[in-house]
Trainee: 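One structure coming up, written as structure tokens, with questions to follow.
Every chain is numbered from 1, with letters handed out A, B, ... down the list of sequences.
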Amino acid sequence: MADELPTRYEPAQIERRWYEFWENGEFFTPLLDRERPKFSIVIPPPNVTGRLHIGHALVNTLQDIIVRWKRMSGFNTLWLPGTDHAGIATQMIVDRELQKQGISRFDLGREKFVEKVWEWKESYGHQIIDQLKRLGASADWTRTRFTLDEGLSRAVRYVFVKLYEDGLIYRDLAMVNWCPFCRTAISDIEVEYRELNGKIYQIDYPLVDSDHRLTVATTRPETMLGDTALAVHPDDDRYKDFIGREAILPIVNRRIPIIADPILVDPQFGTGVVKVTPAHDKNDYEAGKRNGLPEIPVIDEAGRMMEAAGAEFAGRDRFDARLKVLERLRESGLLRDTKDYTNSVGFHGKCDTIIEPMISRQWFVKIEPLARPAIDAVRNGTIQIIPQSWESTYFNWMENIHDWTISRQLWWGHRIPAYYCANGHVTVAMEQPDACPQCGSSEVRQETDVLDTWFSSGLFPFSTMGWPDDTPDYQIFYPTDVLITGFDILFFWVARMIMFGLRFTGKAPFSQVFLNGLVRDEHGQKMSKTKGNVIDPLDVIDEFGADAVRFTLAIFTSGRDIPLAKTRMQGYAAFANKIWNASRFALMHIDRKLQSAKPIQRDDLKTVERWILSRLNDATRNVNKSLSAFRFDEASNTIYQFFWHEFCDWYIEMAKPVLLGRHGSPDDAARARRVLLEVLDRSLRLLHPFMPFITEEIWQKLGGVEPSIMVAPYPIAEELLEDREAARLMEAVKAMITAVRNARAERGFTPKDRFKLHVRAEAPRDAKFFEDHSYLLMDLARLTDVVVNGEPATGAHHDVVEAFSIAIEFPERVITKEQIERTQRELEKSRKELDAVVTRLGNEQFVRNAPPAVVEQAHARQSELRARIEKLMQNQ
RNA sequence: AGGCCCCUAGCUCAGUUGGUUAGAGCGCCACCUUGACACGGUGGAGGUCAGCGGUUCGAGCCCGCUGGGGCCUACCA
């Protein structure tokens with residue numbers, strides 16, 4: 001049946017073939033079925049500009065595992081995919097393309113530029129989706145959404161208008177984080193703080209009407225050009241007398257007041273005197289408001305000094321101006337000191353530009369009323385965050401949340417649906433009004449700002465399902481069940497979806513959030529191009545196959561960071577190969593297809609068969625349980641251990657004597673074939689969510705009734721298959737085989753040397769079992785003979801395993817030094833343990849307080865150890 | 001500064017509500033080309049569970065302290 005299969009598993013063509021089969025067969029698309037229980041999940045939409053990196057590979061592998069598992073478990077399953085328009089990132093890419101051609105976006109103008117971006121999206125925007133397919137992602141691509149699609153855009157406008165009408169969106173002049181490179185405002189959480197080795201300067205400010213000088217410390221001397229005060233602490237005795245007087249701002253020669261502000265100034269820090277620049281520092285801005293200070297902006301939106309900074313500086317870049325300011329201070333002897341200084345500086349992560357705090361007019365979401373219900377939903381368990389330790393992070397952020405700056409001075413994105421008329425009236429509406437509703441002016445212009453990209457992705461779980469319309473998709477699949485994403489977007493995305501979802505749909509958008517860790521290299525280092533430790537998922541899929549990559553990602557996913565190395569993938573590629581070859585073996589023997597195979601009659605089964613089915617059943621239970629808890633590591637490891645170390649290492653080897661006709665009747669062989677088929681079939685189905693390609697390839701050869709393994713039922717544990725008695729006996733057989741192999745190796749014999757084994761079994765049923773199964777011992781331990789309850793010859797090697805005494809008759813009394821040492825060590829260990837057990841059993845408190853099962857276990861262990869020690873003594 | 005997490009074999013990690021003898025993968029050593037597989041098989045070496053103290057009949061697991069590492073948030077003139 002399978003002679004044509006190569007001895008090595010070659011993933012490449014197989015993967016492509018089956019993916020097409022699934023996609024063309026519409027296996028990823030759920031039915032619009034209201035009767036069957038549903039399972040739904042939305043993808044964290046990757047940026048259209050994205051190329052699949054290892055983080056995508058991880059999060060989408062985990063989603064696919066859950067989705068395939070649920071689908072096979074009978075749920076009407078939707079995995080809804082999509083991409084994010086990624087305002088800044090996408091605009092930057094197209095901008096750069098244009099620059100190569102010597103064009104600036106300003107040459108094109110807004111409309112033409114946006115057209116260009118759409119063109120770019122049409123050409124390259126599907127790249128990431130094609131790459132997700134290579135991974136095996138079983139998302140319903142017929143429902144692929146894009147955050148700038150008409151439907152999603154309508155949802156965005158709807159939400160904006162509603163929030164505005166409810167008084168939760170406002171426009172105001174405020175201090176915001178400004179990126180001079182991207183020339184847009186960004187929100188607080190988009191600012192990345194980095195420790196920077198810089199300098200701190202001490203600058204003298206002369207006083208008006210006095211020779212006295214006040215010294216201030218600053219890391220940003222260029223902002224002094226916009227200073228409008230000096231501040232000291234009101235209780236600081238050093239400076240009390242100066243409060244209310246005036247200083248002269250060096251270079252500019254402006255008179256500025258000396259004020260007292262207990263909030264701004266920490267007398268312990270620096271010199272205790274602070275320069276106040278209300279237009280370019282957040283704290284100074286607030287101090288300015290408190291003290292009624294003027295704001296003098298000196299840095300423009302491109303990060304260049306403005307006229308107000310003085311003719312000498314105007315037009316210079318802010319960092320260039322810093323040097324110039326220092327030079328001038330040095331000339332005038334006002335630069336008192338320069339020290340090395342490390343402080344954290346805010347960057348815009350997208351473009352690596354230092355953020356400039358600036359006062360500008362922006363749109364904001366008043367967030368507190370949205371945050372409150374979102375906090376409650378997690379607190380009362382409506383939404384469960386896994387791992388739970390993230391909850392405190394979530395609460396901490398949500399409880400101290402600041403209003404959200406949502407306007408961006410970009411062209412690519414959802415243009416804010418606010419309209420200004422010639423008379424300055426503002427109208428916020430779904431569609432552009434023909435005339436101003438307030439004054440009738442027909443001159444209405446739309447706001448030029450666009451919305452933060454996260455505003456639209458915050459609606460993703462429902463905007464993608466047709467909301468605000470009451471569509472079948474929305475009715476059937478919303479709310480979703482689980483969200484799987486990286487912890488790095490807990491605030492950016494997850495929190496916003498919860499807030500928007502609760503407010504607009506009245507329901508939590510999902511009931512569970514699984515936050516996966518960051519993929520790191522094998523030593524826990526972040527992957528980065530400069531370190532050269534980046535693993536490209538497409539490369540490793542080519543090298544090891546998608547199944548091996550997926551399995552590796554799954555088995556290293558706990559709740560924390562994931563240390564990844566190519567050598568691991570190699571290991572799991574080997575596992576795929578093992579599956580391949582075990583299946584080859586099975587296919588060589590199996591004579592029937594699943595379709596025509598009769599159900600297994602449990603009563604006919606031999607112990608060894610009951611044992612493997614019982615073990616598989618245990619594995620099945622554990623895999624289902626682990627997946628329910630998002631323990632991808634446990635689930636994958638359970639299958640790995642079962643398949644390789646129980647099914648391959650033991651069961652297949654134990655079935656060989658029967659399958660190859662060395663033992664038993666033709667009926668025995670037929671039954672063994674049936675069990676082999678059963679175990680392989682169940683194992684493949686169990687494994688399918690983790691390794692979809694290889695399992696489909698093999699399973700198709702087994703001839704199941706379903707058209708694909710991906711719609712075959714997922715195995716569930718069945719109590720009928722439990723068999724503890726079989727487990728007890730088979731563990732003993734395994735332990736005896738291992739003991740023989742061990743003794744053989746320790747005495748320097750080779751596997752070719754065969755010996756006679758004695759087994760002592762007191763209970764008649766056990767004795768019968770060992771007699772019946774002596775062929776297993778003979779075959780796997782390579783023995784000449786197995787004698788149950790006979791008298792071993794003198795000089796035999798004795799041992800006790802799993803409460804059974806055994807003795808091996810070696811042809812000569814070859815006792816190596818290693819063997820003697822080993823016996824000594826074994827004896828010592830057993831005696832030590834026996835002492836401990838005896839002590840424990842002698843302890844009244846233990847016997848009284850410990851559960852009876854534990855006490856009983858200790859008794860059993862005591863007698864086993866005694867027997868073992870006695871036997872080992874005979875070997876000396 | 002506040003919060004969270006981590007320290008278990010050479011490396012990377014598991015270790016369920018405290019219950020015998022602490023596991024896995026990779027790596028290492030020795031033997032084996034045995035009819036599915038050398039991307040294999042068999043056997044083996046390797047751990048004072050970071051340290052100290054406490055609770056308990058019993059602690060890798062619970063509590064406290066100390067040391068080391070990481071992350072997040074806030075602040076840093």
Trainee: Between C1' on B:C6 and CD1 on A:Ile562, what's the gap in Å once rounded to a whole number?
Mentor: 15 Å
Trainee: Look through every strand shown and name the nucleotide pairing with B:U42 as Watson-Crick or G-U wobble, where both distances are under 3.5 Å.
Mentor: B:A30
Trainee: Given the P atoms of B:A9 and B:C49, what is the spacing between them in whole Å?
Mentor: 10 Å
Trainee: Go ahead and name the base partner of B:C62; Watson-Crick or wobble counts if both distances stay under 3.5 Å, otherwise write none.
Mentor: B:G54
Trainee: Roughly how far apart are A:Arg322 CZ and A:Lys199 NZ, rounded to 0.5 Å?
Mentor: 12.0 Å
Trainee: Atom CG in A:Asp547, atom CD1 in A:Ile579: separation rounded to 0.5 Å?
Mentor: 8.0 Å
Trainee: More 5' along RNA chain B: A:Ile189 or A:Gly272, using each one's nearest nucleotide?
Mentor: A:Ile189
Trainee: Take atom CD in A:Glu856; do more than 12 heavy atoms of anything else shown fall under 6.0 Å from it?
Mentor: no
Trainee: Using a strict threshold of under 4.0 Å (side-chain N to carboxylate O), is an ion pair present between A:Glu222 and A:Arg220?
Mentor: yes
Trainee: In whole Å, what separates the C1' atom of B:G15 from that of B:A22?
Mentor: 8 Å
Trainee: Give none if B:G35 has no partner; otherwise give the nucleotide forming a Watson-Crick or G-U wobble pair with it, both distances under 3.5 Å.
Mentor: none
Trainee: Over how many whole Å does the gap from A:Asp633 atom CG to B:A14 atom P extend?
Mentor: 7 Å
Trainee: Rounding to an integer number of angstrom, what distance separates B:G58 and B:G46 when you compare their C1' atoms?
Mentor: 27 Å
Trainee: Using both distances under 3.5 Å as the test, list the Watson-Crick or G-U wobble partner of B:G18, or none.
Mentor: none
Trainee: Identify the nucleotide, in any strand shown, that forms a Watson-Crick or G-U wobble pair with B:A24, with both distances under 3.5 Å; if there is none, say none.
Mentor: B:U12
Trainee: Assign A:Lys526 to base, sugar-phosphate, or nothing according to its heavy-atom contacts below 4.0 angstrom with the strands shown.
Mentor: nothing
Trainee: Checking base pairs now: Watson-Crick or wobble, both atom distances under 3.5 Å. What partners B:C4?
Mentor: B:G70
Trainee: With A:Phe491 as reference, evaluate A:Tyr394, A:Trp390, A:Phe395, A:Trp397 under the ring pair (Phe, Tyr, Trp, His ring centres under 6.0 Å) test and give the passing residue.
Mentor: A:Trp397
Trainee: Indicate the ring-plane relationship of A:Phe575 and A:Trp644, choosing parallel, tilted or perpendicular according to the 30° and 60° boundaries.
Mentor: parallel
Trainee: For the residue pair A:Phe556 and A:Tyr572, categorise the inter-ring angle as parallel (less than 30°), tilted (30 to 60°) or perpendicular (more than 60°).
Mentor: perpendicular
Trainee: Can you check the A:Leu564 CG to B:C13 P distance for me, whole Å?
Mentor: 11 Å
Trainee: Between P on B:U12 and CE on A:Met569, what's the gap in Å once rounded to a whole number?
Mentor: 17 Å
Trainee: Considering only atom P, compute the distance from B:C28 to B:G23 and round it to an integer number of Å.
Mentor: 23 Å
Trainee: Could you tell me how the ring of A:Phe749 sits relative to the ring of A:Phe810: parallel (under 30°), tilted (30 to 60°) or perpendicular (over 60°)?
Mentor: parallel
Trainee: What is the ring orientation for A:Tyr239 with A:Phe242, classed by angle as parallel under 30°, tilted 30 to 60°, or perpendicular over 60°?
Mentor: tilted
Trainee: Can you check the distance between B:C26 and B:G43, where both ends of the measurement are the P atom (answer in whole Å)?
Mentor: 15 Å
Trainee: With rounding to the closest Å, how many angstrom separate the C1' atoms on B:G60 and B:A14?
Mentor: 12 Å
Trainee: If we take the P atom in both B:C7 and B:U16, what is their distance in whole Å?
Mentor: 12 Å
Trainee: Round to a whole Å and report the spacing from CZ of A:Phe269 to P of B:A1.
Mentor: 14 Å
Trainee: Salt bridge or not between A:Lys832 and A:Asp835? Use side-chain N to carboxylate O under 4.0 Å.
Mentor: no
Trainee: So what does A:Thr567 touch, heavy atoms closer than 4.0 Å: a base, only the sugar-phosphate, or nothing?
Mentor: nothing
Trainee: For A:Thr750, answer base if it contacts any base atom (sugar-phosphate contacts may also be present), sugar-phosphate if it contacts only those atoms, and nothing otherwise; contact means non-hydrogen atoms under 4.0 Å.
Mentor: nothing
Trainee: In whole Å, I'd like the distance from the CZ atom of A:Phe487 to the P atom of B:C71.
Mentor: 10 Å
Trainee: Touch check for A:Thr219, heavy atoms < 4.0 angstrom, all strands: base, sugar-phosphate only, or nothing?
Mentor: sugar-phosphate
Trainee: Rounded to the nearest Å, what distance is computed from the CE atom of residue A:Met398 to the P atom of nucleotide B:U73?
Mentor: 15 Å
Trainee: For each nucleotide in nucleotides 34-46 of chain B, reading 5' to 3', give B when a protein heavy atom comes within less than 4.0 Å of its base, S when such contact involves only the sugar-phosphate, and - otherwise.
Mentor: SBBB-BSSSSSS-
Trainee: A:Tyr201 or A:Tyr572: which one's nearest nucleotide on RNA chain B is closer to the 5' end?
Mentor: A:Tyr572
Trainee: Do the numbers put A:Lys656 on top of the ring of A:Phe585, so that NZ or CZ is under 6.0 Å from the six-membered ring centre and no more than 45° off the axis?
Mentor: yes
Trainee: Considering only atom C1', compute the distance from B:C37 to B:U42 and round it to an integer number of Å.
Mentor: 15 Å
Trainee: Looking across every strand, which nucleic acid part, if any, lies under 4.0 Å from A:Phe647 by heavy atom: base, sugar-phosphate, or nothing?
Mentor: nothing
Trainee: Which letters describe nucleotides 54-64 of chain B, given B = protein heavy atom under 4.0 Å from base, S = only from sugar-phosphate, - = neither?
Mentor: ---B-------
Trainee: Rounded to whole angstrom units, what separation is found between the CZ atom of A:Phe632 and the C1' atom of B:G25?
Mentor: 20 Å
Trainee: Can you confirm whether the side chains of A:Arg747 and A:His797 place a donor and an acceptor under 3.5 Å from each other?
Mentor: yes
